[in-house]
Amino acid sequence: MNRYPMVGHVLHGEITRTMIDSLHLPALRGGLFALLAAALFGISTPLVQKLGAGLGAFSTAALLYAGAALIGALSLRTAAHEARVQRSDIPRLLAMAGFGAALGPVALAWGLQHTSGASASLMLTLEALFTATLAWRLYSETMDRRVWAAMLLLLAGGIALVLDQGLRGSVQLMGLLAVLLATVAWGVDNTLSRGLAERDPSQVVMAKATLGAAATAALAVSTGEPLPSLSAALGLLAVGATGYGLSLRCYLLAQRAFGAARTGSVFAFAPFIGAAVAFGFGERSAGWLMLLGGVFMLAGVMLHLAESHGHEHTHEVLEHEHAHRHDDGHHSHVHEVMPTGSHSHRHTHEPMTHAHPHTPDVHHQHVH
């Protein structure tokens, strides 16, 4: 019996490339987008520490998200290619801006000025723990024993980093705790953004970043923070455009492909990239506890990524709008003129049952 009735077809006794692509490319595409997001954000952390030296935390955050908003505006796509942000999305966007574009970057900017760049970068790995836990609670994303073991390793690594900085003095510890607060804020932001993963990611980036930049700029002015130099301002704008704007766009596309928890896990490579760049800049603050924490966290990331999930499952009737293709095994509706490539419109999924490896994307949110 063919267990993949809607995923491909047989031609001359062989499974077609369409079927193979539909089974494997979504997860691969999601992983690559998440890795790109991780690389861009990871590189940004030590750069923010250097460029933001002597600046206020609000000013730093405002410049970062102004750069991100610019990327969002420049990469907008038409309604024929991506689903538009709706009026009903505004409360979610406001919450995302509050947590992800205001509290998170402000806490990170302050923390980077009061602790080592390497330990701060590694501490950001805990963002994956908070994201996965919230995705499990709010979206019922699958969390098996392997994933829970990975989360415990990430937590153990975070404890080792806190102990390492605690031994170096109260100021270093407070800086690291501020970075921890940033990871909590971004964990909430990541979970909230899962509900907008099917919208145009550029619209989401632009809206969130504009709100965050406006709020933090107003706080910078009201608290009398010093104006940045032209070079520092341009540098932070550039870092914000790539490490926050482009990174967030890639993050949203990854969430679209394989859910919030798994995107958060792959994104947990970002801190290791950031720590490597910090050491490249000449930082040599690593003690044995920091190294131990890094080993724990890297093991947790690898364990989570090794997860595989597949079984027979049923799709109920579903009507929604998002960017999609007709060779992915889940979009069999017809057009008068069949489009090629990705396009967006409101469409209906008929009920069907099949089995294939899958991740908790918009079409696989069934209960286990």
Side-chain angles (χ1 to χ4, degrees), residues 33 37 61-62 64-106 131 134-135 137-141 185-219 240-241 244-260 263-264 316-325 330-331 333 335 339 342-349 360-365:
F33 273 126
L64 289 172
Y65 275 94
L70 181 62
I71 283 293
L74 292 176
S75 60
L76 287 172
R77 303 195 70 190
T78 66
H81 292 90
E82 290 283 358
R84 303 286 87 184
V85 170
Q86 306 294 320
R87 185 184 299 273
S88 59
D89 298 326
I90 292 176
R92 187 181 292 267
L93 279 169
L94 289 171
M96 287 170 58
F99 283 102
L103 178 57
V106 167
T131 300
L134 288 170
R137 292 292 300 171
L138 298 179
Y139 293 105
S140 300
E141 293 194 8
W186 277 323
V188 174
D189 174 31
N190 294 338
T191 309
L192 289 169
S193 67
R194 177 67 187 94
L196 298 179
E198 302 308 318
R199 307 293 193 219
D200 180 357
S202 294
Q203 265 200 313
V204 175
V205 170
M206 184 176 68
K208 170 188 169 181
T210 300
L211 290 169
T216 50
L219 288 169
Y244 287 73
L246 188 56
S247 176
L248 175 58
R249 190 178 192 282
C250 291
Y251 194 101
L252 290 168
L253 290 171
Q255 281 193 329
R256 175 184 296 181
F258 67 166
T263 299
E316 305 295 342
V317 175
L318 175 65
E319 183 178 348
H320 60 176
E321 179 182 357
H322 65 101
H324 61 278
R325 301 172 60 93
H330 292 88
H331 294 89
H333 57 270
H335 297 256
S342 178
H343 59 285
S344 179
H345 62 89
R346 194 156 194 86
H347 56 277
T348 300
H349 295 267
D361 58 21
V362 68
H363 299 109
H364 299 93
Q365 298 181 8

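Side chains are part of it too, since the values below use all heavy atoms of this structure and drop only hydrogens, waters and symmetry mates.
Without hydrogens or angle criteria, Ser202 side chain to Ser75 main chain gives a donor-acceptor distance under 3.5 Å.
Of all heavy-atom pairs spanning Ala61 and Val106, the tightest one is CB-CG2, 3.8 Å. Across Gln86 and Arg199, no two heavy atoms sit closer than the pair CG-NH2, 3.4 Å. Nearest approach of Ala37 to Ser247, heavy atoms of both residues: O-OG, 2.8 Å. In terms of heavy-atom proximity, Gly100 sits nearest to Pro105 at O-CD, 3.1 Å. Listed here is the closest heavy atom pair of Met96 and Ser193: CE-CB, 3.6 Å. Nearest heavy atoms, Ala66 versus Ala213: N-CB, 3.8 Å.
Under the rule for a side chain to side chain contact (heavy atoms under 4.5 Å, CB included), the partners of Pro201 that lie at least two apart in sequence or sit in another chain are Glu82, Arg249, Leu252, Leu253, Arg256. By the side chain to side chain donor-acceptor pair (under 3.5 Å) test, Thr210 is found to be paired with no residue, residues two or more places apart in sequence or in another chain being considered.
At least one side-chain heavy atom of Asp200 sits less than 4.5 Å from a side-chain heavy atom of Leu76.
Rounded to the nearest 0.5 angstrom, Asn190 CG and Tyr251 OH are separated by 3.0 Å. Here Thr216 contributes atom OG1 and Tyr65 contributes atom OH; the two are 9.5 Å apart, rounded to the nearest 0.5 Å. Between Met206 atom CE and Leu248 atom CG the span is 12.5 Å, to the nearest 0.5 Å.
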Next on the checklist: Run the side-chain contact (heavy atoms from CB on, under 4.5 Å) test on Val204 and Leu93 for me, step by step, so that the C-alpha distance in whole Å, both residues' side-chain angles and the decisive distance to 0.1 Å come before the verdict.
Outcome noted: CA-CA 8 Å; Val204 175; Leu93 279 169; 4.2 Å; yes

